[in-house]
2 protein chains.
Amino acid sequence: MTTAQHAVDYDERVISAAREVFAQQGFAAPVSEIAELAGVGVASIYRRYPNKRRLAERVRIAAMSRVIAEAESAGEVEPDPWAAFVRFVRGCLRAHTGIGVVLPPYEESEDVSEELTRLRQRMIEHIEELVVTAQRAGQLRGDLRSADVFLLFKHLNPPLATEEDRRAELRQRYLELLLPGLRERADRLPGEAPDWDELFQMCVPGGQ
Amino acid sequence: MTTAQHAVDYDERVISAAREVFAQQGFAAPVSEIAELAGVGVASIYRRYPNKRRLAERVRIAAMSRVIAEAESAGEVEPDPWAAFVRFVRGCLRAHTGIGVVLPPYEESEDVSEELTRLRQRMIEHIEELVVTAQRAGQLRGDLRSADVFLLFKHLNPPLATEEDRRAELRQRYLELLLPGLRERADRLPGEAPDWDELFQMCVPGGQ
DNA sequence: CCCACGCGGAATGACTCGTTCCGGTGAGGA
DNA sequence: TCCTCACCGGAACGAGTCATTCCGCGTGGG
């Protein structure tokens, strides 16, 4: 069964590379890049998946499962609702979760598989629960909706935003979430300060 | 001078359309789309600008000037430092300011014009001042840096993010800015609630 | 009524990317 | 040791996209 084992490894490397590439660059990323990251030839990818779209679907299903797992474990590990919520958000943003792959539609006319639809529903329900629980405890601002969580994820995964995100209304909403967090407050945690020079260089065009 | 006036109108329409298109889709957007939005033929654009890059440079210079103007007027109009800061951020995000065009580098090896460099410096100084002033007044969280403002703008302009933004460190930082704003607090303003159904449909893939 | 001038949009050539094809290679059997 | 053959990497192919250029037309001034 050496051969079969080998095939499994191959699969795993490909899926993992696809998650990373798709999450960072969106589904428009070239297959060749996935192949390179996985250290295989493109043909090996096409030998296992009929086309790019199917590969993407597999990756999405895997990523959604991870998000669900993240939500479940967050609720179990952290008794405090706010802590659970924060743990979930942070967990989803860890690279290996691949939230960036969960968010964007592959294409306008994607015929969504049944499995994907079911997972999506479960995922939403889990997030809903985390939000509502934290709100009932008076720890999460009451006007937050689970849709906001997706919005937040989307903005934290810049390259994945689609046409609609640009709508002024959504930007407005996002800003409303952000600004209150910027005001000085006694209970703010110190937190680690990033390297300011580096941050500047990365954020400002034509950086010195 | 009817002809000259006509040419000016033309120019203005093109620049304005370019700002909109570039801000929304990034500099990779096709020139033809700018032409269509401006209601002119592509040739008319190339008759006035030698190539796409030069057009982009013009647009950036115009946008940076507007950002600077926004910062100046915010400081003058609002005596309260926090209000001035918020007004500036909101002002930059208004479509006609074109902050989305200011942020991204056009390309790796862009030879930045002198004018652009000078404007960039002025812009940074203005933002610095707004931030520091609000901090001295104890209204803006003290760990905010002007670089954060760019980071914020970048994330509020999803399609413009570049390779580097995805670095885990930056995401981490951004999250730190966001999360405190989500906690329940007495002084939170009510604000207008968006249409949740619509928000969901836009944020969740395969939306019902 | 004629004629440049300026315009819109089609044509061109370079390039990217999904998918397929092909020659090489190494493990395993004779 | 040599032969197979299943599997692999990367080159090849065809379609599509986009920056830039070219061309014939409409029109306003003479």
Side-chain angles (χ1 to χ4, degrees), chain A residues 1-18 20-22 24-60 101 104-111 159 163, chain B residues 1-22 24-60 101 104-111 159 162-163:
Chain A
M1 284 260 147
T2 298
T3 305
Q5 185 55 50
H6 181 220
V8 168
D9 282 359
Y10 235 83
D11 252 29
E12 211 141 307
R13 259 195 296 162
V14 168
I15 287 283
S16 165
E20 194 155 328
V21 170
F22 283 148
Q24 291 207 342
Q25 311 188 19
F27 290 124
V31 173
S32 61
E33 198 150 333
I34 296 171
E36 193 175 356
L37 182 60
V40 306
V42 275
S44 296
I45 293 181
Y46 280 91
R47 230 166 265 125
R48 282 168 179 74
Y49 305 93
N51 52 45
K52 187 182 178 184
R53 173 178 298 236
R54 286 299 181 86
L55 169 61
E57 189 175 291
R58 274 288 189 91
V59 172
R60 287 178 83 149
V101 154
Y106 182 83
E107 217 181 71
E108 280 308 325
S109 61
E110 183 180 25
D111 63 321
E163 176 76 30
Chain B
M1 285 262 147
T2 298
T3 305
Q5 185 55 51
H6 181 218
V8 169
D9 282 357
Y10 235 83
D11 251 29
E12 209 140 309
R13 258 194 297 162
V14 168
I15 287 282
S16 165
R19 171 169 29 77
E20 192 154 330
V21 170
F22 283 148
Q24 290 208 341
Q25 310 188 20
F27 290 124
V31 173
S32 60
E33 198 151 333
I34 297 172
E36 193 175 356
L37 182 61
V40 306
V42 276
S44 297
I45 293 181
Y46 279 91
R47 228 166 268 123
R48 284 169 179 73
Y49 304 93
N51 52 44
K52 187 182 177 182
R53 173 178 300 235
R54 287 299 182 87
L55 169 61
E57 188 174 292
R58 276 289 189 88
V59 171
R60 286 177 85 149
V101 155
Y106 182 81
E107 218 179 73
E108 279 310 321
S109 60
E110 184 180 24
D111 63 321
T162 53
E163 177 77 29

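Residue numbers start from 1 in every chain, and the chains themselves are labelled A, B, ... in the order their sequence lines are given, proteins ahead of strands.
Considering only side-chain atoms of B:N51, the nucleotide from D:dT20, C:dG8, C:dG18 that sits closest is D:dT20. Among the nucleotides C:dG8, D:dC8, D:dG10, the one closest to any side-chain atom of A:A43 is D:dG10. The B:Y10 side chain lies nearest to C:dG8 when the options are D:dG10, C:dG8, C:dG18. For B:R47, the listed nucleotide lying nearest its side chain is C:dG8; candidates were C:dG8, D:dG10, D:dT21. For B:V42, the listed nucleotide lying nearest its side chain is C:dA10; candidates were D:dG9, C:dA10, C:dT19. Candidate nucleotides D:dT20, C:dT19, D:dG9 were compared by shortest atom distance to the side chain of A:S44, and D:dG9 ranks first.
Summarising the geometry, the separation between CD on B:Q25 and P on D:dC18 is reported as 9 Å, rounded to the nearest angstrom. Atom OH of B:Y46 and atom P of C:dT12 are 18 Å apart (whole Å). Rounded to whole Å, the distance from CG on A:L55 to P on C:dC17 is 16 Å. Between the NZ atom of B:K52 and the P atom of C:dC15 there is a distance of 15 Å, rounded to whole Å. Atom pair A:E33:CD and C:dT19:P shows a separation of 16 Å (rounding to whole Å applied). Between the CD1 atom of A:I34 and the C1' atom of C:dG18 there is a distance of 11 Å, rounded to whole Å. A straight line from CD1 of A:I45 to P of C:dC21 spans 18 Å, rounded to a whole angstrom. Regarding B:R13, its CZ atom lies at a distance of 12 Å from the C1' atom of C:dG8, rounded to whole Å.
Other residues, nucleotides and ligands contribute more than 12 heavy atoms inside 6.0 Å of the CZ atom of A:R13.
Atom CZ of B:F22 and atom NZ of B:K52 lie 5.5 Å apart (nearest 0.5 Å).
Of all non-hydrogen atoms in A:V14 and A:Y49, the two that sit nearest each other are CG1-CE1, 4.2 Å. A pairwise comparison of heavy atoms in A:V59 and A:A18 identifies CG2-CB, 3.6 Å as the closest pair. Scanning both residues, A:V42 and A:S32, for their nearest heavy atoms gives CG1-CA, 3.6 Å.
Looking at heavy-atom distances under 4.0 Å, A:A29 makes contact with sugar-phosphate atoms alone, never a base.
Not one side-chain nitrogen or oxygen of A:R54 sits closer than 4.0 Å to the OP1 or OP2 atom of C:dT19.
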